[in-house]
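Take a look at this one; I'll ask things after.
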Amino acid sequence: MGTSNTDSRAKGNRPADAVRDFQRKIYRKAKQEPKFRFYSLYDKICREDFLREAYKRVRANRGSPGVDGISFADVDEGGLESFLREIRKSLMEKSYRPDPVLRVMIPKSDGTERPLGIPTIRDRVVQMSCKLAIEPIFEADFDDDSFGFRPKRSAKDAVGRIKENLKAGRHEVYDADLSKYFDSIPHTKLLKTVGQRISDQKVLHLLKMWLKAPIEEGGRMSGGKKNKRGTPQGGVISPLLANIYLNLMDRMIRKRPEFRDLKMVRYADDFVLMGRKISAEALDRLTWLFKKMELSINESKTHLVDSRRSGFEFLSFTFQYHCSRLKDREGHYWNIAPSAKAQKRLRGEIKARLIKCRQRNVKIGIDQLNPLLRGWLNYFTIPGVSYTKYARGKIRIYLRDRLFRHQKRKSQRYRIAYCRKTFSRWLDAGLIDPEAYGIPDTVKT
């Protein structure tokens, strides 16, 4: 797209304002012309205001250093201006080459490990600048029922949409799980999908270099040009690329007659297909599509259920259909609450943090627990959608008992009566009370 460069310093505009102006224009263009292929985007990625805004966002996300060991503190010490100037020069001269991606393994709740790729700060800045330039194009194409890793959308919106579908009578749910999705995306087909909207070969070459970047793990190098699949989780550009590829599935479900009465709610690679009746033809067509996209479904975690008889889990929420026991209510209601696994993970984290600060004062313990409790409660509290009162009460009881044990083990000189008052003392000192935090609990509907 031949949009003229906007000097961020002209007319007193800040870099962020100039970037947002460009994004609005390109979004409107993409929305008005669904088949238009955008060109001349590489020069936007190289612009000083784009790189400056990209660094600001990357820094806000924090994160660990990559293979070069350079941290944000090192960048500030060496001078941000020279750092950005060097990046811009390499992009303009087309001498930019991404560094290897540092791979670390993150433990999962089921005992397995998930690979996380950490690019260098330099690569993260360039990826963010590229994302700022191309994301509005694909945002114009993305489905309204897709919520993962998108601006102004969250898991809470996805849960709310599922509840709307359940109340509309779409009780049959195909709860699917893609097996190692981020590691399975075929590069050739992904770049071809991106190329349907972007014709700028320099941008496509950038994306290809990031996909082919070698991976360093334990001091050993792998991948590189031989790598034909996957986009590392942890990269700035990876979630956008993952959404672009899965948008093929969203488009088919919108158009194919087998899915006419069905709705799909997707959060990145997690999705549920919902309808009054999900036909075998629809599931066969979905299986055919995954095979064509070179993706596979994890059969052990994929189920077709009637949600009125058997509940299901999605995004750490449990969806269950209950008969009302209240005298002033009739019929049934949907109970959407934190899953048992989510509550177990929280209890484990509370225990681990208290062990770390056992020999320290109350303030340090509160500083350890409050961010954890605040994040958990903010995620699961959705006004008008989720019902968390029972889970909050259980967490409060666990927290009280754990603090009793914590105080008792700190010193054998403390009396039992003194230890039992630990919870109330911590609450007085500023500890978040799970039952009283935030907005009032919502009513089951």
Side-chain angles (χ1 to χ4, degrees), residues 109 145 147-148 152-175 177 263-267 270-276 301 303 305-350 369-402 423 427 431-445:
S109 57
D145 287 331
F147 296 94
K152 299 180 181 180
R153 287 170 173 257
S154 66
K156 292 185 176 184
D157 300 317
V159 173
R161 187 63 55 84
I162 290 176
K163 185 171 184 178
E164 291 175 10
N165 288 329
L166 290 172
K167 294 180 71 174
R170 299 184 180 95
H171 301 144
E172 194 154 282
V173 177
Y174 181 66
D175 183 11
D177 181 78
K263 292 287 185 180
M264 175 178 284
V265 179
R266 183 169 67 82
Y267 189 89
D270 295 324
F271 68 90
V272 289
L273 188 65
M274 310 177 69
R276 296 179 183 275
K301 296 183 179 180
H303 309 282
V305 299
D306 184 341
S307 57
R308 292 172 298 182
R309 300 179 180 178
S310 174
F312 66 97
E313 292 185 10
F314 187 69
L315 299 178
S316 297
F317 284 85
T318 296
F319 299 78
Q320 291 181 321
Y321 193 59
H322 288 303
C323 178
S324 176
R325 296 179 180 178
L326 302 178
K327 295 181 179 180
D328 57 343
R329 290 176 62 91
E330 296 181 358
H332 298 75
Y333 62 87
W334 290 100
N335 188 17
I336 302 174
S339 68
K341 292 180 181 178
Q343 296 179 55
K344 183 178 179 180
R345 285 196 297 268
L346 177 62
R347 291 194 296 269
E349 188 62 30
I350 290 173
L369 292 178
N370 273 357
L372 174 67
L373 294 170
R374 185 180 296 111
W376 195 89
L377 293 166
N378 284 341
Y379 179 82
F380 286 104
T381 302
I382 311 177
V385 176
S386 64
Y387 183 77
T388 60
K389 184 176 181 179
Y390 182 65
R392 287 180 183 222
K394 290 179 66 176
I395 295 301
R396 189 182 196 273
I397 292 172
Y398 178 81
L399 195 57
R400 182 195 65 196
D401 293 345
R402 181 52 57 182
F423 184 54
L427 290 179
L431 179 68
I432 289 175
D433 185 347
E435 285 191 332
Y437 176 79
I439 59 176
D441 205 3
T442 54
V443 178
K444 296 171 283 190
T445 57

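Since we're looking at a predicted model, the values are computed, not measured.
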Handout entry: Student check: side-chain heavy atoms of His171 and Asp306 closer than 4.5 Å
Key =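 Touching, per the 4.5 Å side-chain cut-off.
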
Exercise for the section: Could you tell me which non-hydrogen atom of Ser316 sits nearest to which non-hydrogen atom of Arg345, and how far apart they are? Expected result: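 Distance-wise, the nearest heavy atoms are OG-NH2, 3.1 Å.
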
Exercise for the section: Mind checking ring pair (Phe, Tyr, Trp, His ring centres under 6.0 Å) for Tyr379 and listing every partner two or more places apart, or none if nothing turns up? Expected result: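 In terms of ring pair (Phe, Tyr, Trp, His ring centres under 6.0 Å), with neighbours along the sequence ignored, Tyr379 is linked to Phe317.
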
Practice task
Go through Lys263 and Arg161 one step at a time and tell me if the side-chain contact (heavy atoms from CB on, under 4.5 Å) criterion holds.
Solution key: CA-CA 10 Å; Lys263 292 287 185 180; Arg161 187 63 55 84; over 6 Å; no

Exercise for the section: Could you grab the distance from atom NZ of Lys394 to atom CG of Leu346, nearest 0.5 Å is fine? Expected result: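 One finds 11.5 Å between NZ of Lys394 and CG of Leu346.
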
Handout entry: Contacts of type ring pair (Phe, Tyr, Trp, His ring centres under 6.0 Å), residue Phe314, not counting sequence neighbours
Key =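 If we apply the ring pair (Phe, Tyr, Trp, His ring centres under 6.0 Å) test to Phe314, skipping adjacent residues, there are no hits.
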
Exercise for the section: May I ask you to test the Asp175-Val305 pair for a side-chain heavy-atom distance under 4.5 Å? Expected result: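 Counting from C-beta outward, Asp175 and Val305 never come under 4.5 Å.
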
Handout entry: Nearest-0.5 Å distance, CZ of residue Phe380 to CD of residue Gln343
Key =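 Result: 8.0 Å between the selected atoms.
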
Problem - With Asn165 via side-chain hydrogen bond (donor to acceptor under 3.5 Å, both in side chains) - residues at least two apart - result: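 So Asn165 forms a side-chain hydrogen bond (donor to acceptor under 3.5 Å, both in side chains) with Arg170.
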
Exercise for the section: Check salt bridge (Lys or Arg N to Asp or Glu O under 4.0 Å) between Arg396 and all other residues, then give those that pass, not counting sequence neighbours. Expected result: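 So Arg396 forms a salt bridge (Lys or Arg N to Asp or Glu O under 4.0 Å) with Asp433, Glu435.
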
Problem - Lys167 side chain to Trp334 backbone, donor-acceptor under 3.5 Å - result: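 Flag not set: sc Lys167 to bb Trp334 has no pair under 3.5 Å.
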
Practice task
Check whether any side-chain heavy atom of Ile336 lies under 4.5 Å from a side-chain heavy atom of Thr318, and answer yes or no.
Solution key: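 They are not in side-chain contact.
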
Practice task
May I ask you to check whether Phe312 and Phe319 place their ring centres under 6.0 Å from each other?
Solution key: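 Aromatic pair counts; centres sit under 6.0 Å.
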
Practice task
Take Arg374 and Ile432, measure what side-chain contact (heavy atoms from CB on, under 4.5 Å) needs, and give me the verdict at the end.
Solution key: CA-CA 8 Å; Arg374 185 180 296 111; Ile432 289 175; 3.8 Å; yes

Problem - Test item: Leu373 and Tyr437 side chains (from C-beta on) under 4.5 Å apart, heavy atoms - result: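 No - every pair of side-chain heavy atoms lies 4.5 Å or more apart.
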
Exercise for the section: Give a yes or no on whether the backbone of Asp177 and the side-chain of Lys301 come within a donor-acceptor separation of less than 3.5 Å. Expected result: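 Looks like no, no N/O pair under 3.5 Å.
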
Practice task
Count the heavy atoms belonging to other residues, nucleotides or ligands that lie under 6.0 Å from CZ of Arg276, then report whether that count exceeds 12.
Solution key: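 Not more than 12 within 6.0 Å, no.
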
Handout entry: Working for side-chain contact (heavy atoms from CB on, under 4.5 Å), residues Ile395 and Leu377
Key = CA-CA 10 Å; Ile395 295 301; Leu377 293 166; over 6 Å; no

Practice task
Mark yes or no for whether Thr388, through its side chain, and Ala391, through its backbone, hold a donor-acceptor pair below 3.5 Å.
Solution key: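 Absent.
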
Handout entry: Side-chain donor or acceptor of Lys156 paired with backbone N/O of Pro383 under 3.5 Å
Key =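 No.
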
Practice task
Look at the side chain of Arg402 and the backbone N and O of Arg347, then say whether any donor-acceptor pair between them is shorter than 3.5 Å.
Solution key: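 Here the side-chain-to-backbone pair does not exist.
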
Problem - Heavy-atom pair with the smallest gap, counting every atom of Met274 and Ile162 - result: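 Shortest heavy-atom separation between Met274 and Ile162 comes out as CE-O, 3.7 Å.
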
Practice task
For residues Val159 and Val265, determine if any side-chain heavy atom of one lies less than 4.5 Å from a side-chain heavy atom of the other.
Solution key: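 Counting from C-beta outward, Val159 and Val265 never come under 4.5 Å.
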
Handout entry: Listed partners of Ser307 passing side-chain hydrogen bond (donor to acceptor under 3.5 Å, both in side chains), at least two apart
Key =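 Partners of Ser307 under the side-chain hydrogen bond (donor to acceptor under 3.5 Å, both in side chains) test: none.
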
Exercise for the section: Kindly indicate whether a cation-pi arrangement holds for Arg308 with Tyr321, taking the cut-offs as under 6.0 Å to the six-membered ring centre and within 45° of the axis. Expected result: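 Verdict for Tyr321: no cation-pi partner in Arg308.
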
Exercise for the section: Find out whether Asp157 and Lys152 are in side-chain contact, i.e. whether some heavy atom of one side chain is under 4.5 Å from a heavy atom of the other. Expected result: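 No, too far: nothing below the 4.5 Å cut-off.
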
Practice task
Please answer whether the main-chain N or O of Phe271 pairs with a side-chain N or O of Arg266 as donor and acceptor at a distance below 3.5 Å.
Solution key: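 No; zero donor-acceptor contacts below 3.5 Å.
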
Exercise for the section: Let me see the working for Leu431 and Asn370 under side-chain contact (heavy atoms from CB on, under 4.5 Å), right down to the final yes or no. Expected result: CA-CA 6 Å; Leu431 179 68; Asn370 273 357; 3.5 Å; yes

Practice task
State which residues pass ring pair (Phe, Tyr, Trp, His ring centres under 6.0 Å) with Phe423; sequence neighbours excluded, sorted by chain then number.
Solution key: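 With neighbours one apart ignored, the set is empty.
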
